[in-house]
Amino acid sequence: MNTATRVLVTGGAGFIGSHYVRTLLGPSGPGGTQVTVLDKLTYAGNPANLDPVRDHPGFGFVHGDVCDPVLVDKLVSEHDQIVHFAAESHVDRSIAGAEAFVRTNVLGTQTLLDAAVRNRISTVVQVSTDEVYGSVDTGSWTEAQPLGPNSPYAASKASADLIALSHHRTHGLDVRVTRCSNNYGPYQFPEKVVPLFITRLLRGGRVPLYGDGSHVRDWLHVDDHVRALELVRTRGRAGEVYHVGGGTELSNRELTDLLLEACGADRSRVDHVEDRKGHDRRYSVDWTKIRDELGYRPGKDFATGLAETVAWYRDNPSWWQPLLDRAAL
Ligand SMILES: NC(=O)c1ccc[n+]([C@@H]2O[C@H](COP(=O)([O-])OP(=O)(O)OC[C@H]3O[C@@H](n4cnc5c(N)ncnc54)[C@H](O)[C@@H]3O)[C@@H](O)[C@H]2O)c1
């Protein structure tokens with residue numbers, strides 16, 4: 001008899017983690033998987049993101065902190081694999097104060113990994129970001145690029161990646177690190193640029209564009225990121241780093257124009273605001289390795305993905321309105 005794989009998903013009430021859980025337990029998921037979400041439900045965690053799978057027999061939820069060693073040890077001992085999303089994730093907040101970032105992103109990751117070693121976990125996927133490399137004007141980084149993070153957020157994620165890889169080298173733990181470009185899609189907390197702009201424009205408001213708007217990001221639909229994570233969890237190799245990219249590279253000005261158009265607004269709704277401190281100009285990952293090794297390819301073209309995302313926010317004000325009120329956005 002096959003026994004179900006028990007996957008502990010930290011941060012599964014957030015944007016990408018909840019998409020991952022909904023996918024894993026949804027009709028296109030692998031089946032035979034039991035998922036427990038461990039989430040502290042910070043301002044960014046929203047139990048409603050998990051409503052579509054709440055009654056699934058393979059779903060469980062634990063409200064708790066990834067930095068709590070007793071809770072984490074108990075939970076880890078009851079699972080086979082870990083996919084680690086839990087993090088403080090907003091760069092602007094890390095500039096205002098880095099303590100929570102170091103605590104959750106670094107100490108939380110170490111707490112989880114120590115428990116994984118003690119409990120002989122078979123695989124840990126450390127979900128990370130392209131921001132750990134710093135900024136690149138031209139070309140793309142391979143996985144061999146040295147880390148050079150600039151924001152406190154990126155520095156905390158880089159530290160977490162190094163701690164994770166050290167647990168592979170030192171203890172032989174099967175850790176796989178992914179570094180993905182900027183995600184967009186439904187259920188993203190409306191402080192991040194895409195949902196912030198959409199929700200402001202849908203309410204008839206104005207949007208803030210940092211500096212000269214020339215900063216460039218690769219935009220990838222969250223579906224594609226989640227598919228890549230599943231490939232890495234199920235078929236990736238221990239101790240390896242995989243880049244996930246291949247979205248659409250846009251300057252913030254170009255992104256703003258597309259969002260204005262999608263929401264039926266024009267440039268008169270844009271406020272040019274002082275640039276973010278230490279703002280990285282461009283991120284770009286070379287994702288040849290995950291393509292050649294695991295057959296990953298992004299599937300969602302940006303025009304379709306953006307139109308669907310705008311439609312989702314238009315159709316679901318009851319999801320985002322309370323969040324805006326709570327976060328005074
Ligand atoms: N959003 C992106 O574009 C992007 C791109 C690449 C990588 N990532 C990484 O993906 C992961 C998820 O990002 P996201 O955008 O979904 O973030 P998010 O902010 O939407 O969600 C983070 C989740 O972690 C939970 N959390 C925070 N601190 C916790 C703690 N101490 N213990 C337990 N749970 C805690 C929050 O409650 C929330 O549910 C992060 O690790 C982030 O660094 C994000």
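Numbering starts at 1 and runs along the sequence shown. Counting convention: from 1, in listed order, for ligands and their atoms alike. Keep in mind that this is a model prediction, so the values were computed, not measured.
Taking the ring axis of Tyr43 as reference, the NZ or CZ atom of Arg93 stays within 45° of it and closer than 6.0 Å to the ring centre.
Identified under the ring-ring contact (aromatic ring centres under 6.0 Å, His included) test for residues 204-261, with sequence neighbours left out: Tyr133-His243, Tyr184-His221, Tyr210-His279, His215-His279.
Taking the ring pair (Phe, Tyr, Trp, His ring centres under 6.0 Å) definition, one finds that His84 meets it with nothing, sequence neighbours left out. Annotation: ring pair (Phe, Tyr, Trp, His ring centres under 6.0 Å) contacts of Phe197 (sequence neighbours excluded): none.
The environment of Glu78 atom CD is dense: over 12 non-hydrogen atoms of other residues, nucleotides or ligands sit within 6.0 angstrom.
A perpendicular orientation is assigned to the rings of Trp287 and Tyr296, their planes being inclined by more than 60° (bins at 30° and 60°).
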Ligand 1: protein N/O within less than 3.5 Å of ligand N/O:
residue  : atom   : partner : partner atom : Å
ligand 1 : 3 (O)  : Asn183  : N            : 2.9
ligand 1 : 16 (O) : Phe15   : N            : 3.3
ligand 1 : 16 (O) : Ile16   : N            : 2.8
ligand 1 : 17 (O) : Ser89   : OG           : 3.3
ligand 1 : 19 (O) : Ser89   : OG           : 2.7
ligand 1 : 20 (O) : Phe15   : N            : 3.1
ligand 1 : 31 (N) : Asp65   : OD1          : 2.9
ligand 1 : 31 (N) : Thr104  : OG1          : 3.0
ligand 1 : 32 (N) : Val66   : N            : 2.9
ligand 1 : 34 (N) : Lys40   : N            : 3.1
ligand 1 : 37 (O) : Asp39   : OD1          : 2.6
ligand 1 : 37 (O) : Leu41   : N            : 3.4
ligand 1 : 37 (O) : Thr42   : N            : 3.0
ligand 1 : 37 (O) : Thr42   : OG1          : 3.1
ligand 1 : 39 (O) : Gly14   : N            : 3.0
ligand 1 : 39 (O) : Asp39   : OD1          : 3.2
ligand 1 : 39 (O) : Asp39   : OD2          : 2.6
ligand 1 : 41 (O) : Phe85   : O            : 2.9
ligand 1 : 41 (O) : Lys157  : NZ           : 2.6
ligand 1 : 43 (O) : Tyr153  : OH           : 2.6
ligand 1 : 43 (O) : Lys157  : NZ           : 3.1

